Undergrad: 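Submitted below is the structure of interest, expressed as structure tokens.
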Amino acid sequence: MAKLTRLDDIVSLCKRRGFIFQLSEIYGGLAACYDYGPLGVELKRNVRAAWWKAVVQTRDDVLGLDCAILMHPMVWKASGHADKFADLVTVCTQCNTRTRVDHLADGSAAQEHIEHVDIDIEAGKEHNLSNKVCPACGAVGQFTKPMAFRLMFETQMGANADDTMKVFLRPETAQGIFVNFRNVLDSSRVKIPFGIAQIGKSFRNEVTTKAFIFRTREFEQAELEFFCKPGTDEEWYAHWKEQRFNWYLNLGIKKENLRFRDHEPDELAHYAKACVDVEYKFPFGSGDWQELEGIANRTDFDLRQHQRGIRTMNDWYAQKGDLSKITLREEAEDYFKGPLSYFDEETRQRYIPYVIEPSAGVDRSTLAFLVDAYDEDEVNGETRNVLRFHPHLAPIKAAIFPLVKKDGLPEIARNLYNDLKTQFQCFYDEKGAIGRRYRRQDEAGTPYCMTIDGQTKEDGTVTVRDRDSLQQTRMPLDQVKNFLRDKLEL
RNA sequence: GCGGGUGUAGCUCAGUGGUAGAGCGUCACGUUGCCAACGUGAAUGUCGUCGGUUCAAAUCCGAUCACCCGCUCCA
């Protein structure tokens, strides 16, 4: 069984069939940005729908949310992104290793500490690196001029050019959930443990881009923040690990291409108690495993940070919104009673909940489903390209054909199509040889083709052709809808 | 960011200074009628972009953009 192994072939397939196009292609493209074509948008919509159904709709303990992409700038001060996403970086000319300027040490003096930098001011300053030592190769003073990295996208709010506020496009959807924790709690009669889920766009100025839509600058996340009582966090972490892994398998990802990778203790973010990646074996890079989703135990870090953020608002006003001049205030002694705390009626205790965060990349999963579904097999000595999508994910659920374009067959076929399309994404085609029409649908991943032939006029039956087995079954016209419903129900 | 490679029709690619090409695909008509059939015809090109050299550039030179591979990085 031949299998696509080159990314080039996948890119070509995606363009040829209308799954994914390079963005603004007629102008030469824009680095690491892509558009979804007619089949791609259906596939991606189905991936989102499957996630929402599994994580929100079919659970009693998860609610949905849809936050704005723009948020109050202090959100990013509290979350840590405003500081950590703005770095001065230099490259060792001896070994090409990239290092943050504030991480460089020289022989004698203590290292230069420039946390909370204003990147514009810092970039303009002279940085004397002649005594600095490369941590990778030990070369002294062999550095390029420091480069400023701004990892969050910035924009301005306010039409008056003289009176605008710098705001950021969110680099993750999660913070919108944390800042709405109180709102959801107060409006939804939920009790811990419960989760809040969101699907939406995020933006990051990646230092390096990578491999087609795998690492793009504008991308879509599907994130769940599951709030639980401290002490129960490890159970819930295990629960979501299992749930999320099985989600991919249930939608057809081959078991041998999916695995967990636990983060090493020194790899963990300082606030995370545990973190595991769900990885897929993509056919690019060195055929290496790449992250689809990260599942983290974030403890009570985020809610506590936002309580500090709230307490810092006076400084925000005093510094006229300049985040680089603000330092987050310390926590209150009784922080656990703060506005983002939870009162447990049963135990009569107030605490800051722990958070388990499964964070999936929608574009990455879509690519994985696409790659994993691709197959070539041989039919009567001919190679057949087929995308074996799980029926829930297939962009087109059924194609309807008249066997020939005469004898009243197109009319019957059109009636069937008009009936089915109200419930399923369908496709009608009456042109060309029937075999070619079947093969086209194979390459689009359509699981079923319905063909109206001469016998339909005699006994009202139609053939249903299965994408994977190529078997044809006759069934009455009026049963086709039920057949599809059985096969496609999520 | 570094090194290597690539960029010509929707896709795969040929074309080394002198008329812009092939296969596949697409569309039309005819024929056929259940797995990429056949015949005839047709459409589709800023040769990635900008500049330079030249009588003449897809071809030579420079810059730039984008993608792929390998590093590096990774919030």
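It should be emphasised that the depicted structure is a prediction, and the values quoted were computed from it without experimental measurement. To find a chain, count down the sequence lines: A is the first, B the second, and so on, and within it residues start at 1.
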Undergrad: State which of B:rA28, B:rU26, B:rC11 makes the closest approach to the side chain of A:Arg16.
TA: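 Among B:rA28, B:rU26, B:rC11, the one nearest the side chain of A:Arg16 is B:rC11.
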Undergrad: Of the nucleotides B:rC34, B:rG10, B:rC67, which one has an atom closest to the side chain of A:Lys15?
TA: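 Shortest atom-to-atom distance from the side chain points to B:rG10.
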Undergrad: Is there a donor and acceptor pair closer than 3.5 Å between the side chain of A:Asp453 and the base of B:rC34?
TA: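 Under the 3.5 Å cut-off, the side chain and the base do form a donor-acceptor pair.
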Undergrad: Report the base-pairing partner of B:rA58 (Watson-Crick or G-U wobble, both distances below 3.5 angstrom), or none.
TA: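 Base partner found: none.
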Undergrad: Measure from the side chain of A:Arg439, starting at C-beta and using heavy atoms only, and say which of B:rA36, B:rC67, B:rU12 lies closest.
TA: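 When the side chain of A:Arg439 is considered, B:rA36 is the closest of B:rA36, B:rC67, B:rU12.
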Undergrad: With A:Arg474, which of A:Asp453, A:Val464, A:Val462 fulfils side-chain contact (heavy atoms from CB on, under 4.5 Å)?
TA: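 Option passing the side-chain contact (heavy atoms from CB on, under 4.5 Å) with A:Arg474: A:Asp453.
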Undergrad: Check this for me: does the side-chain of A:Arg215 come within 3.5 Å of the base of B:rC74 through a donor and an acceptor?
TA: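 Side chain to base: pair found, below 3.5 Å.
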Undergrad: By nearest heavy atom, map A:Thr451 and A:Ala31 onto RNA chain B; which one lands nearer the 5' end?
TA: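 Its nearest nucleotide lies further toward 5', so the answer is A:Thr451.
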Undergrad: When we call it a touch if two heavy atoms are under 4.0 Å apart, what does A:Arg465 touch: a base, just sugar-phosphate, or nothing?
TA: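 The residue A:Arg465 makes base contact.
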Undergrad: Could you tell me the Watson-Crick or G-U partner of B:rG7, where both distances fall under 3.5 Å? Say none if there is no partner.
TA: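 Answer to the pairing question: B:rC65, which forms a Watson-Crick or G-U pair with B:rG7.
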Undergrad: Using purine N1 to pyrimidine N3 plus N6-O4 or O6-N4 for Watson-Crick, or N1-O2 and O6-N3 for G-U wobble, each under 3.5 Å, what pairs with B:rG33?
TA: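 Checking every strand shown, B:rG33 finds no partner, since no pair has both distances under 3.5 Å.
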Undergrad: Using the side-chain contact (heavy atoms from CB on, under 4.5 Å) criterion, which residues pair with A:Ile310? Sequence neighbours excluded.
TA: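 Partners of A:Ile310 by the side-chain contact (heavy atoms from CB on, under 4.5 Å) criterion, ordered by chain and then number, come out as A:Pro339.
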